[in-house]
Amino acid sequence: MKSKTFHAACFLGLTALSQINGQEIKKDSLLGKPKDSLITKMESRIPFDGYDLTWINGQNRQTDFPLTLKDKDGETILTGVTYVDAYYNYDFNRPKDNTHTISSAIGRSNEVTINMASIGLETNYKNVIGRLWLQYGQMGSIVQDLDGTVNHGKNTSVGNLKYIREAAAGYHFNVMHGLNVEAGIFMSYIGLESYVLGENWNYQRSLVCDFTPFYFQGARIQAYPSKKFKTEIWVLNGWQTYNSWNTGLGLGVSNYYRPTENLQLVANFYLNGKDTRNNPGVRRFHHDHSIVARYYKNKESKGLSQAAFSINNHYGFQSGGGIKARDNYMIGTSVANRLWFHNNKIALTLRADAVSNPGAYLAFSPSPVAQNDFNDAIASGEKLKMFQGTATVDIMPNQFVTFRLEYGFRKSNIPYFAGREGTTSPDGWIDTPIESWRPDLRKSDSRFTLAVMFRL
């Protein structure tokens, strides 16, 4: 402590004759000493303290949280969360059943849709971690309704769980720069983009993120060895599942490194996943890594005020139990560039992404009708390859609301996207007999999507 005090005194003496960041130190007129705000303090133990992370793809851009309850000492007890996401989507293929396919973000066409309405509470009071976010809307029908593990045994169902967006309980230990231990339902750590679309640079997620999980049920340890680095160890029931497919648990590792607020490096791993029904010999491995960098910042500019890019690469496979990795793998990439204008109130994002998924073990099914051109192509040995291009314009009057207009184009080497006759039934209704009817699948589609997202 004496050594630190001596160095601090030397430092203050030197800076009295020079400048810090181009500004002269102001002296107290009575004591002739620097004001308290300039006294050297111990390094903050809060991870990423002082960093502006609101620009990062997949991060919440809020800095103010009005729904906050504090105790008499000013410490936050509870923080409330509200989120509403609604969109209108126009699919140029005009499917008669109004169903937009091969997307976990956009499920309808030529209709106004509530994608997600969510409310919740979270706390980190007195080192106790608690979080409960509820959700309603279309996205639950696309994502959570497809979880087949709820049929593995009894005492569980999608109806009991799908309305929980995230729920966790845990404790924060004051070691290193922080250590958290939690268990519950979490948003997925795999992939760069968020389950909450308002946190992403685009409305439709990239192909590599759309083909990977959005939630896990399990437990995690978050460790912060330094202010700039976070690592997480996960124990999971399965790959985007509430329960397990077999008698094993999956393992996960996630690493974040932010040397400055302008750069984020991430590497994620999913290991030992036994995610094939009644075949525990099949093991799944998945890895993704990303780079997000801000290369220009001038927040006060009425012209270009900020610029950044993101790159997210994925590779995964499953093997064993009679399955070979060379026939069941996924490799893909997504590259995006975003420009902000007029004090960060307007933004333009251009993104291109591609994926190759032989065996289609991560791919969405294009139709509930099994007899279709996509399944025939996969059965004949064709390997699924896809490309997507997206252009997005955001108007953000303040940090609580975003108006978004987006154009998207997708192309596949085999028929995969909904055509004019739809993918449900001859007349588009789910209770109409199928008989010999086949879904209308196309190799490409394009759309315009208009969305508004509110968060408080």
Practice item. Can you establish whether the number of heavy atoms outside Tyr163 located under 6.0 Å from its atom OH is more than 12? Key: no
Exercise for review: Please report the closest heavy-atom contact between Asn279 and Asn246, naming both atoms and the distance.
Suggested key: N-OD1, 3.6 Å
Practice item. Determine the interplanar angle of the Tyr195 and Phe214 rings, folded into 0 to 90°, and report it as parallel if under 30°, tilted if 30 to 60°, perpendicular if over 60°. Key: tilted
Exercise for review: Starting from the C-alpha separation in whole Å, work towards a yes-or-no answer on side-chain hydrogen bond (donor to acceptor under 3.5 Å, both in side chains) for Gln204 and Asp210.
Suggested key: CA-CA 9 Å; Gln204 168 62 49; Asp210 236 15; 2.8 Å; yes
Point to revise | Over 12 foreign heavy atoms within 6.0 Å of CD1, Ile119 | key: no
Exercise for review: With sequence neighbours excluded, tell me which residues meet ring pair (Phe, Tyr, Trp, His ring centres under 6.0 Å) with Phe448.
Suggested key: Phe92, Tyr407
Practice item. Please step through side-chain hydrogen bond (donor to acceptor under 3.5 Å, both in side chains) for the pair Thr54 and Asp52, ending with a clear verdict. Key: CA-CA 6 Å; Thr54 60; Asp52 170 22; 2.7 Å; yes
Point to revise | Donor + acceptor pair across side chains of Tyr125, Asp71 (<3.5 Å) | key: yes
Practice item. Determine whether more than 12 heavy atoms belonging to other residues, nucleotides or ligands lie under 6.0 Å from atom CD1 of Ile395. Key: no
**Study point:** Straight-line distance of Asp49 CG to Tyr51 OH, nearest 0.5 Å
**Key:** 9.5 Å
Point to revise | Summary of ring pair (Phe, Tyr, Trp, His ring centres under 6.0 Å) pairs that have at least one residue in residues 61-89, sequence neighbours excluded | key: Tyr87-Tyr203
Practice item. Give the intermediate values and the outcome of side-chain contact (heavy atoms from CB on, under 4.5 Å) for residues Ile233 and Val253. Key: CA-CA 5 Å; Ile233 306 297; Val253 180; 4.2 Å; yes
**Study point:** Asn200 versus Ser194, closest heavy-atom pair with distance
**Key:** OD1-N, 2.7 Å
Practice item. Just jot down the side chain to side chain donor-acceptor pair (under 3.5 Å) partners of Arg351, sequence neighbours excluded, or say none. Key: Glu193, Asn202, Asp353, Thr390
Exercise for review: Tell me yes or no: between the side chains of His100 and Asp91, is some donor less than 3.5 Å from an acceptor?
Suggested key: yes
Review point. With distance as the sole test, does Gln318 use its side chain to make a donor-acceptor pair with the main-chain N or O of Tyr361 at under 3.5 Å?
Key: no
Check your understanding: Can a donor-acceptor pair be found between the side chains of Thr149 and Asp147 at a distance below 3.5 Å?
Key -> yes
Exercise for review: Rounded to the nearest 0.5 Å, what's the gap from OG1 on Thr79 to NZ on Lys70? Could you check?
Suggested key: 8.5 Å
Check your understanding: Is the closest side-chain heavy-atom distance between Tyr416 and Asp445 below 4.5 Å?
Key -> no
Practice item. Look at the rings of Tyr315 and Phe317 and say which category their plane angle falls in: under 30° parallel, 30 to 60° tilted, over 60° perpendicular. Key: tilted
Pair up each side-chain donor or acceptor in residues 181-192 with any protein partner under 3.5 Å, not counting sequence neighbours, and list the distances.
from	atom 1	to	atom 2	distance (Å)
Glu182	OE1	Arg131	NH1	3.2
Glu182	OE1	Arg131	NH2	2.8
Glu182	OE2	Arg220	NE	3.2
Glu182	OE2	Arg220	NH2	3.1
Ser188	OG	Ile190	N	3.0
Ser188	OG	Pro213	O	3.1
Tyr189	OH	Phe269	O	2.7

Exercise for review: Run the numbers on Gln217 and Tyr242 for side-chain contact (heavy atoms from CB on, under 4.5 Å), then give the verdict.
Suggested key: CA-CA 5 Å; Gln217 184 157 257; Tyr242 292 119; 4.3 Å; yes
Review point. What pairs meet the ring pair (Phe, Tyr, Trp, His ring centres under 6.0 Å) rule with one or both residues in residues 292-311, with sequence neighbours excluded?
Key: none
Revision key, fill the gap. Distance col, row Ser118:OG vs Ile164:CD1, nearest 0.5 angstrom, shows 11.5 Å
Exercise for review: Apply side-chain hydrogen bond (donor to acceptor under 3.5 Å, both in side chains) to the pair Asp288 and Asn268, showing each step before the final yes or no.
Suggested key: CA-CA 5 Å; Asp288 84 274; Asn268 301 313; 3.1 Å; yes
Check your understanding: Of all heavy-atom pairs between Thr212 and His314, which one has the smallest distance, and what is that distance?
Key -> CG2-ND1, 3.9 Å
Point to revise | Exercise: do Lys299 and Asn343 side chains pair donor with acceptor under 3.5 Å | key: no
Exercise for review: Taking atom types as modelled, find out whether Ser104 and Arg205 have a side-chain donor-acceptor pair closer than 3.5 angstrom.
Suggested key: yes
Which pairs would a plain distance check flag for residues 449-456, meaning a side-chain donor or acceptor within less than 3.5 Å of a matching protein atom at least two apart in sequence or in another chain?
from	atom 1	to	atom 2	distance (Å)
Thr449	OG1	Asn89	OD1	2.7
Thr449	OG1	Arg447	NH1	2.7
Arg455	NE	Gln62	OE1	3.3
Arg455	NH1	Glu199	OE2	2.5
Arg455	NH2	Glu199	OE2	3.3

**Study point:** Nearest-0.5 Å distance that lies between atom CH2 in Trp340 and atom CD in Gln306
**Key:** 4.5 Å
Review point. Do Arg410 and Gln388 get their side chains close enough for a donor-acceptor pair, meaning under 3.5 Å?
Key: no
Exercise for review: Nearest 0.5 Å please: distance from the OH atom of Tyr171 over to the CG atom of Asn127.
Suggested key: 4.0 Å
Practice item. Test side-chain contact (heavy atoms from CB on, under 4.5 Å) on Arg284 and Leu362 and set out the steps. Key: CA-CA 11 Å; Arg284 178 171 294 175; Leu362 290 182; 4.0 Å; yes
**Study point:** Any donor-acceptor N or O pair under 3.5 Å, side chains Thr113, Asn115
**Key:** no
Practice item. Step by step, work out the side-chain hydrogen bond (donor to acceptor under 3.5 Å, both in side chains) result for Trp133 and Gln135. Key: CA-CA 7 Å; Trp133 295 338; Gln135 65 173 358; over 6 Å; no
Check your understanding: If only atom types and distance count, is the side chain of Ser305 paired as donor or acceptor with the main-chain N or O of Asn344 below 3.5 Å?
Key -> yes
Review point. Would you find a donor on one side and an acceptor on the other, under 3.5 Å apart, between the side chain of Trp201 and the backbone of Trp55?
Key: yes
Revision key, fill the gap. When rounded to the nearest 0.5 Å, the distance separating NZ of Lys274 from CG of Asn237 is 13.0 Å
Check your understanding: Of all heavy-atom pairs between Leu339 and Ala307, which one has the smallest distance, and what is that distance?
Key -> CD2-CB, 3.6 Å
Practice item. Of all the heavy-atom pairs spanning Phe364 and Phe211, show the shortest one and how long it is. Key: CD1-CE1, 3.6 Å
Exercise for review: Verify the distance criterion only: is there a donor paired with an acceptor across the side chains of Ser334 and Asn312 at less than 3.5 Å?
Suggested key: no
Review point. After noting the C-alpha distance and the side-chain angles of Arg165 and Tyr215, does the key distance pass the side-chain contact (heavy atoms from CB on, under 4.5 Å) rule?
Key: CA-CA 8 Å; Arg165 176 157 72 90; Tyr215 66 90; over 6 Å; no
**Study point:** For Arg258 against Leu53, the heavy-atom pair lying closest together
**Key:** NH1-CD1, 3.4 Å
